[in-house]
Student: 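My questions will all concern the structure given below.
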Amino acid sequence: MKKVLLGTLIAVFAVVLAACGNSGSSTKESSGKGGVDPDGSLIIGVAGDPSVMNPNYASDRVTLTLQEALYAPLFWELDGKPALAKSLDVSDDSLVYTVKLKDGLKWHDGKDLTAKDVVFTVESTLNEKQNSSNRGKFVFDGKPLKVEAVDKTTVKFTLPTASPAFEETLNTFYPIPEHIFAGVDNIEKSDKNKKPVGSGPFQFVEYKSGEYVALKRFDDYFGGKPKLAKLTFRITKDQNAANLALQNGEINLKSIQPADRKKVEKASDVDIITYPENRLSYLAFNQNQEALKSKELRQALSYALDRKELIDAAYGSDEYAKPASSFLTENTKFFTKDVETYNTNLDKAKELVDKSGFDKSTKLSIYYLNNSKAQESIALYVQQEYKKIGVNLELKPTDPNALSNITLDRKNKDYSIAINGYIMGNDPDAYKTLFLSDSPYNYSNNHDKKLDELFNKGAVTVDDKAREAVYVDVQKNIADNAVIYPISYDNAVLALDKRFAGVKEAEPQPVSMFKDYSKLYLKK
């Protein structure tokens with residue numbers, strides 16, 4: 001057997017802590033020598049309600065942030081180090097993966113967390129009737145893997161064919177409790193998700209829609225007793241109101257928009273934390289609309305834009321974002337810049353609009369978050385530029401939950417363009433959930449058999465050079481067909497009340513803000 005250290009597979013990003021009033025400067029976090037307040041309570045501002053508080057179905061930023069506090073993974077996604085797991089062994093033929101769990105693991109209700117829970121999670125994910133978007137991670141060349149509990153703490157995964165992408169799957173795997181969900185016909189729609197039972201550092205207390213999700217310390221957390229007694233996610237859709245709450249101390253931690261940074265720093269007693277989020281902001285062209293089935297029109301809409309101007313409009317400077325090229329982010333294995341990027345060319349854009357046969361009396365629409373200044377600025381810029389090529393664009397600012405429902409409806413024809421973003425990890429296989437023809441997250445509604453074949457081939461190609469060639473072809477296919485318009489690779493900007501510490505230990509990470517909320521604390 002060969003032992004694999006997943007940490008060597010993950011690119012660890014640099015975290016820059018900027019003190020209040022010292023934009024962009026690196027500084028050490030306050031040591032909090034006064035000690036830890038054992039009754040500390042942290043209030044986190046989030047932009048909307050969670051969707052389904054269950055790792056088999058979580059996909060939006062709010063729910064994934066809650067998930068990091070409520071549930072625990074087998075391995076930490078940020079650095080690949082063991083979390084619930086103690087070790088991982090991989091057979092020489094790369095077909096058998098054996099995970100050993102730590103001893104004494106507990107669910108929040110006091111029940112033992114065992115290998116059977118891991119098996120149940122995988123089997124329920126594979127069950128097509130359970131409709132989990134994670135199913136594709138456990139299917140290779142159309143064949144599902146086999147999973148079995150060898151003993152109470154040992155799980156064996158047997159793949160039908162070798163797949164380098166499976167290591168990343170294990171690195172983002174969160175078990176759910178068998179004793180809660182066994183026998184449930186539709187786990188996604190189950191009321192049991194409204195009172196989740198996890199194994200993370202904090203356990204569920206109460207959820208009031210539109211108001212908050214309240215959690216409390218889980219004393220039996222495998223990583224040690226959390227330093228905070230309470231964690232509350234306050235739902236504040238209006239970002240101006242959320243920033244005011246941050247200023248007044250009613251919120252202690254939130255992600256802020258770059259355009260708000262100076263104002264927040266000036267008005268609030270916070271530390272600013274910035275780091276690369278490995279996130280792509282992009283425009284999704286909805287091919288459910290007849291006009292956008294035309295590759296020529298999609299290419300025209302791409303040639304009409306300028307990424308530098310988009311970034312300046314959205315963020316004010318390139319400090320928070322850099323121009324994108326590929327649909328893969330730069331941290332992803334096999335990323336290449338050698339793709340069609342549609343550098344601004346209005347003459348060519350006009351020519352392609354005419355070639356596409358687009359009826360210029362038709363009004364297209366652009367949907368975006370109504371609580372995002374960056375997305376509003378992008379939408380306004382896009383509307384302005386499209387006028388130059390004879391395309392009229394209607395602005396559709398939309399509530400986050402409503403926008404999620406609209407774009408997740410694979411038959412929806414309302415939106416022409418959706419401003420979106422994603423963080424998908426370090427292996428290109430993860431991105432197939434956004435582009436496969438039958439994927440629930442195929443926001444562009446692109447149906448391309450050749451692209452499907454390439455993605456499926458890449459998942460089971462073992463040789464690195466051959467696999468790289470496959471994913472270069474994938475990147476060129478998506479770019480040449482203008483499936484999406486990549487805008488920028490973005491940085492995260494967090495504001496944290498200066499009374500709190502433990503940032504270095506908690507480790508900022510993409511999407512969920514922190515890797516391990518148990519390490520944050522209120523200074524005494």
Student: Do Q509 and S512 get their side chains close enough for a donor-acceptor pair, meaning under 3.5 Å?
Tutor: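 Side-chain D/A pair, Q509 to S512: present.
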Student: Applying side-chain contact (heavy atoms from CB on, under 4.5 Å) to H179 and W107, what does each step give before you reach the verdict?
Tutor: CA-CA 10 Å; H179 68 279; W107 292 107; 3.6 Å; yes
Student: Between T341 and S325, do the side chains contain a donor N or O and an acceptor N or O under 3.5 Å apart?
Tutor: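 Looking only at side-chain atoms, T341 and S325 do not form any donor-acceptor pair under 3.5 Å.
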Student: Determine, for R499 against D497, whether the closest basic-nitrogen to carboxylate-oxygen distance falls under 4.0 angstrom.
Tutor: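 The answer is yes: the pair qualifies as a salt bridge.
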Student: Can you tell whether the side chains of E505 and K519 come within less than 4.0 Å, N to carboxylate O?
Tutor: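 Between K519 and E505 there is no salt bridge, as every charged N stays at least 4.0 Å from the carboxylate O atoms.
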Student: What closest approach, in Å, do K192 and F181 show between heavy atoms, and which atom pair accounts for it?
Tutor: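 Of all heavy-atom pairs spanning K192 and F181, the closest is CB-CE2, 3.8 Å.
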Student: Which is it for S326 and Y471 under the side-chain contact (heavy atoms from CB on, under 4.5 Å) test, yes or no, and what are the steps along the way?
Tutor: CA-CA 11 Å; S326 171; Y471 284 111; over 6 Å; no
Student: For the pair K498 and D271, find out whether any cationic side-chain nitrogen is under 4.0 Å from an anionic carboxylate oxygen.
Tutor: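 Result for this pair is yes, salt bridge flagged.
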Student: Flag the pair R298 / L292 as yes when at least one side-chain heavy-atom distance between them is below 4.5 Å, and no otherwise.
Tutor: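 Yes, side chains in contact.
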Student: If you look only at pairs with a residue in residues 215-231, which of them pass as a side-chain hydrogen bond (donor to acceptor under 3.5 Å, both in side chains), with sequence neighbours excluded?
Tutor: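 Residue pairs passing side-chain hydrogen bond (donor to acceptor under 3.5 Å, both in side chains), neighbours aside: Y221-D516.
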Student: Between S133 and Y441, do the side chains contain a donor N or O and an acceptor N or O under 3.5 Å apart?
Tutor: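 Per modelled atom types, Y441 and S133 side chains form a pair under 3.5 Å.
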Student: Hey, is NZ on K111 packed in by over 12 heavy atoms from elsewhere, all under 6.0 Å?
Tutor: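 Count not over threshold, so no.
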Student: Give the minimum heavy-atom separation between P196 and Y71, together with the two atoms involved.
Tutor: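 Reported closest heavy-atom pair: CB-OH, 3.6 Å.
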Student: Give a yes/no verdict on a cation-pi contact between R307 and Y485, requiring under 6.0 Å between NZ or CZ and the six-membered ring centre and an angle within 45° of the axis.
Tutor: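 Relative to the ring axis of Y485, which defines the angle, R307 lies inside both limits.
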Student: With the threshold set at 4.0 Å, does a side-chain nitrogen-carboxylate oxygen contact exist between K322 and D318?
Tutor: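 No, no charged N to carboxylate O under 4.0 Å.
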Student: Between S377 and A314, which heavy-atom pair has the shortest distance, and what is it?
Tutor: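 Closest approach of S377 to A314, heavy atoms only: CB-CA, 4.0 Å.
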Student: Tell me, with the steps shown, if T169 and D427 meet side-chain contact (heavy atoms from CB on, under 4.5 Å).
Tutor: CA-CA 9 Å; T169 294; D427 192 281; over 6 Å; no
Student: Between T125 and N56, is any side-chain donor less than 3.5 angstrom from a side-chain acceptor?
Tutor: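 There is such a pair (donor and acceptor under 3.5 Å, judged by atom type) between the side chains of T125 and N56.
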Student: Quick one, F455 and D429 - any side-chain contact, counting heavy atoms below 4.5 Å?
Tutor: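 F455 does not reach D429 side chain to side chain.
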Student: Under 4.5 Å between any side-chain heavy atoms of F202 and F218, yes or no?
Tutor: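 With C-beta onward as the side chain, the pair stays apart.
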Student: Determine whether more than 12 heavy atoms belonging to other residues, nucleotides or ligands lie under 6.0 Å from atom NZ of K373.
Tutor: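 It does: K373 NZ has more than 12 such atoms within range.
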Student: Determine, for R61 against E68, whether the closest basic-nitrogen to carboxylate-oxygen distance falls under 4.0 angstrom.
Tutor: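 Salt bridge between R61 and E68, a charged N being under 4.0 Å from a carboxylate O: no.
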Student: Can you confirm whether V474 sits close enough to F435 that some side-chain heavy atom of one is under 4.5 Å from a side-chain heavy atom of the other?
Tutor: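 Counting from C-beta outward, V474 and F435 never come under 4.5 Å.
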Student: Let me confirm one number: the CZ-CE distance from R279 to M424, rounded to the nearest 0.5 Å.
Tutor: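 Going from CZ on R279 over to CE on M424, the span is 12.5 Å.
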Student: Hey, does P323 have a side-chain heavy atom less than 4.5 Å from the side chain of L310?
Tutor: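 No - every pair of side-chain heavy atoms lies 4.5 Å or more apart.
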Student: For Y367, run the side-chain contact (heavy atoms from CB on, under 4.5 Å) check against L395, N286, I406 and tell me which one passes.
Tutor: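 Single side-chain contact (heavy atoms from CB on, under 4.5 Å) partner of Y367 among L395, N286, I406: I406.
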Student: Would you check if there is a donor-acceptor pair between the side chains of Y431 and T329 at a distance under 3.5 Å?
Tutor: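 Yes.
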Student: Taking atom types as modelled, find out whether Q289 and S416 have a side-chain donor-acceptor pair closer than 3.5 angstrom.
Tutor: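 Side chains of Q289 and S416: pair found under 3.5 Å.
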Student: Side-chain donor-acceptor pair under 3.5 Å between N370 and T398, yes or no?
Tutor: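 Distance-only check fails for N370 and T398.
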Student: Taking all non-hydrogen atoms of both residues, which atom of S444 and which atom of V483 are closest, and how far apart?
Tutor: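 Heavy atoms of S444 and V483 come nearest at OG-O, 3.2 Å.
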Student: Report the C-alpha separation of E211 and I235 in whole Å, then their side-chain angles, then the decisive distance to 0.1 Å, and conclude whether the side-chain contact (heavy atoms from CB on, under 4.5 Å) test is met.
Tutor: CA-CA 5 Å; E211 296 184 38; I235 300 161; 5.8 Å; no
Student: Run the salt bridge (charged side-chain N to carboxylate O under 4.0 Å, His left out) test against K387 and tell me which residues pass, sequence neighbours left out.
Tutor: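 With neighbours one apart ignored, the set is empty.
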Student: Would D191 and K194 pass as an ion pair if we require N to O under 4.0 Å?
Tutor: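 Here D191 pairs with K194 in a salt bridge, since their nearest N and O are under 4.0 Å apart.
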Student: Side-chain donor-acceptor pair under 3.5 Å between R410 and N445, yes or no?
Tutor: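 The criterion, which ignores hydrogens and geometry beyond distance, is satisfied for N445 and R410.
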Student: Rounded to the nearest 0.5 Å, what separation is found between the OG1 atom of T274 and the CD1 atom of I256?
Tutor: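 With rounding to 0.5 Å, OG1 (T274) is 10.0 Å from CD1 (I256).
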Student: With side chains defined as the heavy atoms from C-beta onward, is the minimum distance between I44 and I251 less than 4.5 Å?
Tutor: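 SC-SC contact between I44 and I251 ruled out.
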Student: Closer than 4.0 angstrom, basic N to acidic O: yes or no for K195 and E206?
Tutor: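 Answer for the salt bridge query: no.
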Student: Is it true that K523 and D37 make a salt bridge, defined as a side-chain N closer than 4.0 Å to a carboxylate O?
Tutor: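 Looking at K523 and D37, the cut-off is not met.
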